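Reading through the structure tokens given below for one structure.
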Amino acid sequence: MDAGRIHCFLVSTRGGDVIYERFFDRFTELEKAEIRAAFSTASNNVRMPVNQEQDFIAPYKLTRFAFIPVADTVFYLLGSGEYDEVGLVEVLRVIIQVLKDVLGKVPSPGLMLDKYSKVALVVDEVINEGLLEAVDKEAIKKGIKGKAAWE
Amino acid sequence: MQKPGSTVAASQRLIQGEDPTPTYNNYVRSTLGKGESANYSDHLQALAALKAYDEKQSELVLKQLSRLLQYGHFTLAGVQLALQILQTDIGRDEKALMRIVQHLVLLGLGDGSAGTPLPVPLNSGGMFLSKAVDRLGLEVLVAAWNDLGNERAAFVRKQAALRALAAVTRASNTSKPDDATYVQGLYVTLSGLLDKVDAMRAGRRGLAHFLAQAQGNKKKTRIADMRQRVEMWSLLRGAFAAARLALPWTGLYKVAQRSLSALGASDPVCARHALALASLVANDAAGCGSFIAAMEPLLRQHVEAARATGALHLGIRPPKGSGGSFTAPGSASTGDAAAPPESESHLNLRDTWARVYLARSCAVVIQSDHIEGDVERRGAVFWQTLLLLALADPSERVALEAIRAMFGAPYPRGTTAAAMRAPGAGARLPVASLPSEVQAEATQARTLGASWYMVMKQALAQPPVQGPGAAAPGPAGASGAAAAAAAAAAAAGGGASGAAAAGVPPGGAPGVRADDTGVFARVAWRLMRCLQSRSHSLVCGAVRAVAVMAESRAWFHALSGGHGHEVEPEVVRRWMRTLQGFLLMLAGDDSVSGCERAAALEALIWSQGIDQPPTLSPGLMLRAASHGGFTSPPAARFNFADPWPDCLLTEVLGVLARRLRCTAGMPPELVLELAGGLAAGSPTGMPREALQALWDLAPGPLAARSALQLLSAPLPPLCQPPTAAPVEVQALAAQAEASFNGLKAMAACWLGEHVNTIAGEYAWKSWEAKLGPGAGVAAAAAAAAAAEATATEAPAGGDGHWGAGGAAAAAAGAAPAGAGGSGAGMGVGGGVGGGAEAVVVRMAEAAVSHSPLLAMSMSHLNRAMLTGTPVVRVACAQALAKLAVRSGEPYRIQGYSLLAAVLGRVGGLPAGLGAGAGAAGWDPLGVAPVVGPALEVLDAMYAGELVLERHVSQYGARARGWPEAALESLRRRHEWLLGAISCAVCAVPREVFLPLGPRSRRLLFPDDKEDAEEDARNAAAAEAEQQQQQHGDQQYYDEYGQPYEYDYGAAEQYDYGDYYNNASQQQPEQADPYGQQQDPLARYDMAGQKAAAAVELNWGAEQSGAYDGVDDAAAVAEARPAVVLYSFHAESGDEVSVTAGDSVRVVHDLGEWFQVLTAGGQQGLVPASYVQILDEQPPPHGADGGGGRGPSLQQHPSLQPQRSVSSSSAAGGLSTQPSLAGGRQNSESAAAPYGYNYGGDGQQEPGGAAGDAAAGGYYPYTYDNPEYGATNNDSAYGSYYGDYGSQYGTDQYGAGTYGGTTYGGGGMYGGGDDGRGSAAAERGGKKKGFGGFDDFGEALLQAKTAVAAARQQQPPPQPQPEPELQRPSEAPGDSAGPPSSSGGGGTAATAAAAAATPASTPPATSYGDDGTAADMWGGAAATAAAAGGGGAPQEQAAAAAEDGGGGGGGRGVALYEFVAEMPEELSVAAGEELEVLGGEVDGWYNARLVSDPSRAGLIPASYVQLQ
């Protein structure tokens, strides 16, 4: 299916330290570094208001990425094809929303590192190998607990 | 699937990833608590601990697992461990832990990675991390999906197994794309799963199911049933997702066909995947029908329901109670009333993305062959659905997708990691290049255009619902968590739309009008609302949708052939203008990001020129491209500029490239200028190859112009920061400047590579093609030769005399250009000395094949080479070298000269006198490494050409005559040159490129057929010429291109060549011009008779064909050695072909022609101007006017003595005078007044006053002859003046009488002085005035007469000195005294001269003498011709002469007796009345006697006074 894919999800601190990254393609370490650098450059270049969760977009090679600053962290998502700006922001908002719910408060670097497996599993539930999967909060919550929807 | 060991037989593309032991990076390390290990193996132990899971350790294990997840890599050992644990069952409550293990398995099997950045050694940045599929066999990995075969396995395990299988299949596609093991396995698994689900669904509908439901515990059964259903859908969802992830097209399509049954799945995500697959079916031509059949009834229900609810997805509720947990919070409140019982009977559209896919497939269906845009009937449901999605969907994402699809946007295309990795990714112009791609693009363009037309037809129709908020108020649109992001905007929008439905205009939109309720207005309005959002992504998405609209509109206008406006309602135009205005604002807004601005620019590019003048300017592009790129450091960004990165620029360039193909409203020039604006806006980001690709796509000349513009463009503003700017800004500017220079260099390279093709000027293009159609025939060849001849200082008239009739016309036509060329050539020739002749020849060819584009490119490149930065210089030097090698002449020599000049070589020699060593040290521009090899190659080419020419002259132009050794040497040289060129300069087409010049073709690639054809052609041409000569209707032209009308049978005898020949006998005397001036006294006595005799001798020789006497040993012995200056191609049998550089011997000097003996033993005629006699010093060029006449004087200085002799013969004792005049004219032209204004002294006409005043002592020559005093009308000069006096003293040429009216005046003498002004000379001759300057004409006449007599075997008539004596007595009217008597004629001359060249007026006037004035005038005309660099003044002079002489006609009276010397002439007695039959031609009237009309003939015009 070549209509589009999500290539990378990444959470970093505002300072640029990567908290969690998930690549869905087989990139070399150098390419990963380039992508991180592009994310970092782009977010350094915008004035990110606190607590507004404003979405931003920027290009990277043949693709686009969107990023949303949330509290002390910034969430990035890189996609192509049908995952255009609007779609990426939509996916990002799902993840942010669910994470807030799962973590119990606004995600901060420390909190996320502490509950690292939850972050990883939420992303895993929402994005399956680069394909958008669940978007429903309840279903995701069940999913990260290893439960079926009816359980 | 069961192919153990198949991984061993991996394909060549196996990626052997590395499997390093992961470590933490510094950041993560810093977060470690006290006592926490940073060792990977420690954390892996936590995984192992799961084997013997202890609930008490639950927290610790979870923490350790979390730490394990933080490594950026999961090793193979870890994967194997996780696979083992996956098999174990660690208890019901620890599902969460198992979920982590599943995640780890998925991580190990799939392509991706997760965690935090992995510190890697510096040199291994390009490494891939190892993946399980690379190293582990199927037998190991199969553990990951064992649960799929286990009926009793829990659903979650099955789901995880499905995911793992999909992940490993996808990973295998990356590492081993040729190995179908995993793909087949996945397909088989999915098919089986689908079969099972089908069977399950069939069973659920069956009687048994009904009975089972009826019996037993109803509630329990219901719960079990519900659970079974959900499980089924969830499994199906996993299957569809796996198929979408990993199956190639064929397998995917098969799965997709079965997805239609799952469209109503209670799981919205399952329905989404099913719809995504179904949209594939719809997109396929074969599957579209089945898609329509399946979807139409379902959609009809939805549309009906949407009329009530206002929202498509809410139209049909899911079955009661099923999957409540799947219901979005928003939609949960919608209740579950009146839902259809069977879920399969409707579409589950609660998921936002499901509606996205639905919109896409609806549009595809409408555009398909099945519906063909017929949205009124066949496609009504799909159209209504699309409209509902576009206008009433709560999700903006869906609406934007629907709008884009509605206007024919293509399916989105994803990219892959490999594509991103490819060199130039994001910097390559995304345009179609393969034929299939181009075809697809054209299809897409038609789809877009047709879509616009379809929407236009529906533009004013009422949409099925009023608005998203009108019927389904409030947050109803927030279906699913995915819509949560859009909820706020949707809510706001809902409110706004509700308000709009109530008649209140939405914010920012123009007032709602009656037609704003139509479909298009609603669409535009919704877009406008998105544009005004504060979400960047939404704005960008909306701008993209507008861009699609604008594109489809542009294509429609392009396809409708200019009638596009006819179907567009006014409201459409209004809204498009509104949107366009908004986008313009957006594009100019520096605060928004580059993505949005780029999209806005794309939309504006498409809407250019459709309904208003262009609003896009290069300036706007420049401004837009220098802000919002997120590339520069903040200090520079906020203060100065933030140029776009390459990917954004490439996108816009891609749109520009497509706009080139859609020409409606936007000329290609503007496209290229906009691209230039982009380049200037962000030179750092501008991808060079994308810009080049755009130029390649554009029409060649425009692209070349664009490249030239860039090459000479000033630095953009980005490179010019304020001096006090911060260092970041300065760095940015410096970087931009370097990049801009790089762009310039690229432009130079591009020009060097392409401009030859664009200009259609390259060396291997045959010369015949350059010369025009039909040039292969002899006539055109003659024309070329003639043009060459004129350019190389050969008189055009002379050529006209000798050439074939057809050629003469061409020569006359080419004369002006040739003269210009020769002028320029002389200039260059003076500078470069030895190279002069080549320059002249090549300049002449320039006149034939002039390419302004190539010339402009060369000059631009040269300028950039001299003034640019080093990178530009080098590129320009390379480009010039390429042009020089690839172009034909004269561009090659031009390029050569420019390159040589760079190295300080002038005329092929180093500037410093030192030889090669001197040149090496002088390279101020630093381009010697580039220019040096190129010059070497060019030198070799020219040298080779020269050698070839010599050999051709020796062996002939065909391979037949060549010795094999010479041919072999030629071939070797050819090959070597080709090799050297491709090594040092550029690629050339080896098959057609001839580095040794076009002549080498026949030798290198002999073609017998061609030879035979040429022989036949030559034979035919010769025959034709012979016939023509026999018919005697050859047309002759004088030097002005005027046809001679001497239709005498012996006309050719009257050429002046004989005269020159006479003159050339005096070679030794030419060495000393002063000597010449005086020496002719010796010959003076024998002028007339002897000259005539000599002429006769020569003519006679010609007649007898004595020129063919090759074996005339005496003649050869006497022959003077000479060298051929220019190649000459024989056109007739008399002539002989010679090659530039040949050594020949001049056997006979025939004036304009030499009879030469070539080294090859051939003898024949060659234009004299083509040959430089070696024992004769070349005349000084410096003072020469260089015009058409000057050169011949130089070539034949003997003219002057000859002329002076004859003039002196009558004047007696003042022999130097005329030749002085001639020399004076040559050197000074007529600008300075001569001292010898013997006609002056107050007796002149007013025009002569200046000359009179200026008279005296001006003559620069110091004359030894004390008798000569210019101003002194003393009797000491009586002989001279007396002679004049005797001629004119009492004559009628007094001021008033002959004031340039009756008597043609000096005009008739125009050019007669140097013996080639035929008309004047003839006339002068017929007047038989041997005195003064008339003697020349007289001598000529005598010569002609003698020759005519000789030819007719008649005794030569005696020259008649009488007229000279008679003339004074015949002079009619008042006489103003001897000196002034010439004033009238002088006036006439003055008038004529003034008409031609005002500058020459004073001296001409000062002469006060017909002949002298004519002399002067002729000189002046020549000078003017030289000064003007063209033949125009000369032609004017000729015209003036014609005018002056054209006063004939009507009645006249013979003034003097005239005795016919030729049959055509008319003998008359003085006083006889004549009827002049026509205008004066060359000083002759055709007249008949009034008394005896039967007698008619020619009579000198001066003998006739018209009445």
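Worth saying up front: this structure is predicted, and the values here are computed from it rather than measured. Only this structure's heavy atoms are used, side chains among them; waters, hydrogens and symmetry mates stay out. Sequence lines set the chain letters: A, B, ... in the order given, protein chains first and strands last, and positions in each chain run from 1.
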Q) Do B:Arg244 and A:Glu82 sit within salt-bridge range, that is, some charged N less than 4.0 Å from a carboxylate O? A) yes
Q: Identify which part of B:Thr650 has an atom lying under 4.5 Å from any heavy atom of chain A, answering side chain, backbone, both or neither.
A: neither
Q.
Is B:Arg272 close to chain A through its backbone or its side chain, or both, or neither, when contacts mean heavy atoms under 4.5 Å?
A. side chain
Q. Using non-hydrogen atoms only, which part of B:Ala542 is less than 4.5 Å away from chain A: side chain, backbone, both, or neither?
A. neither
Q | chain A contact via B:Ser113 - side chain, backbone, both or neither, heavy atoms under 4.5 Å | A | both
Q.
Has B:Thr415 got a side-chain atom pairing as donor or acceptor with A:Leu62's backbone, closer than 3.5 angstrom?
A. no
(Q) Using only atom types and a distance under 3.5 Å, with no angle test, would you say the side chain of A:Arg5 pairs donor to acceptor with the backbone of B:Thr416? (A) no
Q.
Quick check on the interface: out of B:Gly594, B:Gly541, B:Ser535, who has the most heavy-atom pairs with chain A under 4.5 Å?
A. B:Ser535
Q | Where at least one partner belongs to residues 413-422 of chain B, residue pairs that pass salt bridge (Lys or Arg N to Asp or Glu O under 4.0 Å), sequence neighbours excluded | A | A:Glu31-B:Arg421
**Q.** Interface moiety of B:Arg67 toward chain A, non-hydrogen atoms closer than 4.5 Å
**A.** neither
**Q.** Gap between atom CG of A:Leu113 and atom OG1 of B:Thr116 - 0.5 Å precision
**A.** 8.5 Å
Q.
Could you check whether any side-chain N or O of A:Asp55 sits under 3.5 Å from a backbone N or O of B:Ser537, counting only pairs where one atom can act as donor and the other as acceptor?
A. yes
Q | Heavy-atom contact with chain B under 4.5 Å, split by part of A:Ala33 | A | neither
Q.
Rounded at 0.5 Å granularity, tell me how far CZ in A:Arg22 sits from CG in B:Leu69.
A. 10.5 Å
Q.
Less than 4.5 Å to any heavy atom of chain A: does that hold for the side chain of B:Tyr411, its backbone, both, or neither?
A. neither
Q: Output, in order, the C-alpha distance, side-chain angles, deciding distance and verdict of side chain to side chain contact (heavy atoms under 4.5 Å, CB included) for B:Ser395 and A:Glu90.
A: CA-CA 10 Å; B:Ser395 167; A:Glu90 213 168 281; 4.1 Å; yes
**Q.** salt bridge (charged side-chain N to carboxylate O under 4.0 Å, His left out) against B:Arg404, all qualifying residues, sequence neighbours excluded
**A.** A:Asp84, B:Glu401
Q) Has the side chain of A:Glu85 got a donor or acceptor atom that lies under 3.5 Å from a matching backbone atom of B:Glu596? A) no
Q | chain B contact via A:Tyr60 - which portion, at a heavy-atom distance below 4.5 Å | A | both
Q) Excluding sequence neighbours, so at least two apart, what forms salt bridge (charged side-chain N to carboxylate O under 4.0 Å, His left out) with A:Glu29? A) A:Lys32
Q) Is it the backbone or the side chain of B:Leu118 that comes under 4.5 Å from a heavy atom of chain A, or both, or neither? A) both
Q: Could you look at B:Glu651 and say if it's the side chain, the backbone, both or neither that has a heavy atom under 4.5 Å from chain A?
A: side chain
Q) Is chain A contacted by the side chain of B:Pro117, its backbone, both, or neither, given a heavy-atom distance below 4.5 Å? A) both
Q) If you check every heavy atom in residues 116-130 of chain A against those of chain B, which residues fall under 4.5 Å? A) A:Tyr116, A:Ser117, A:Ala120, A:Leu121, A:Asp124, A:Glu125, A:Asn128, A:Glu129
Q: Could you tell me which portion of B:Ala246 (side chain, backbone, both or neither) has an atom closer than 4.5 angstrom to a non-hydrogen atom of chain A?
A: neither
